[in-house]
Amino acid sequence: MNSDNILRQLAETLQTRKQADPEKSYVASLYARGLDSILKKIGEEAAETILAAKDADREGIIHETADLWFHCLVMLSQANISPDEVLAELERRFGVSGHEEKAGRTPS
């Protein structure tokens with residue numbers, strides 16, 4: 001299974017979980033608790049990823065990054081944004097200097 005395919009499959013599954021019973025689905029329970037709960041989980045996973053990296057824990061980095069990416073996918077799904085949209089943005093930036101890309105952003 002390639003990475004594009006797993007992202008699409010996860011995105012589809014996450015969309016279906018929006019209709020699931022929060023008592024039976026972890027993802028449905030995140031949706032039911034709302035965006036702040038999803039964002040809090042992303043923050044927790046980001047911190048755990050950072051700690052694993054600081055400890056040079058290769059397996060921990062892989063595990064925690066997977067958790068972080070998963071919860072970011074939940075957030076994207078909550079916002080009705082597909083992984084393909086994020087991948088398209090990464091593709092747009094490919095080959096562009098980070099300094100140039102940042103300078104070209106419109107102020108928020």
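Side chain of Lys18 to backbone of Ser77: a donor-acceptor contact under 3.5 angstrom is found. With hydrogens and angles ignored, the 3.5 Å screen pairs a side-chain donor or acceptor of Asp21 with a backbone N or O of Glu23.
Shown here is Tyr26, whose OH atom has more than 12 heavy atoms of other residues, nucleotides or ligands within 6.0 Å. Applying the 6.0 Å contact sphere to CD of Glu85 captures more than 12 heavy atoms from other residues, nucleotides or ligands. Within 6.0 Å of CG on Asp36 lie no more than 12 heavy atoms contributed by other residues, nucleotides or ligands.
Atoms OG and CD, from Ser82 and Gln15 in turn, are 9.5 Å apart once rounded to the nearest 0.5 Å. To the nearest 0.5 Å, atom OG1 of residue Thr13 and atom CG of residue Leu73 are 10.5 Å apart. Of the inter-residue distances, the one linking Asp67 atom CG with Thr49 atom OG1 reads 7.5 Å to the nearest 0.5 angstrom. Distance SG/Cys72 to CE/Met75: 5.0 Å, rounded to 0.5 Å. If you take CG on Leu7 and CG on Leu76, they are separated by 10.0 Å, rounding to the nearest 0.5 Å.
Hydrophobic clustering places Leu35 together with Val86 (ILVMFWY residues linked when any side-chain heavy atoms are closer than 4.5 Å, directly or through intermediates). Residue Ile50 is not grouped with residue Ile62 when hydrophobic side chains (ILVMFWY) are merged at heavy-atom distances under 4.5 angstrom, including chains of intermediate members. Residues Trp69 and Ile61 are members of separate hydrophobic clusters, defined by side-chain heavy-atom contacts under 4.5 angstrom among Ile, Leu, Val, Met, Phe, Trp and Tyr.
In plain terms, the two heavy atoms of Ala20 and Ser25 that are nearest each other are CB-CB, 4.0 Å. Contact between Ile38 and His71 at its shortest, heavy atoms only, is CG2-O, 4.1 Å.
With sequence neighbours left out, the salt bridge (charged side-chain N to carboxylate O under 4.0 Å, His left out) criterion links Glu64 to no other residue. Listed by chain and number, the residues in a salt bridge (charged side-chain N to carboxylate O under 4.0 Å, His left out) with Glu44 are Lys41 (sequence neighbours excluded).
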Evaluation steps, side chain to side chain contact (heavy atoms under 4.5 Å, CB included), between Arg33 and Leu30: CA-CA 5 Å; Arg33 290 190 304 244; Leu30 283 174; 3.1 Å; yes
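Using a 4.5 Å heavy-atom threshold, the side chains of Arg8 and Leu87 count as separate. When side chains are defined from C-beta on, Ile42 does not count as touching Phe70, because their heavy atoms never get closer than 4.5 Å. Side-chain contact between Tyr31 and Val74 is present, with at least one heavy-atom pair separated by less than 4.5 Å.
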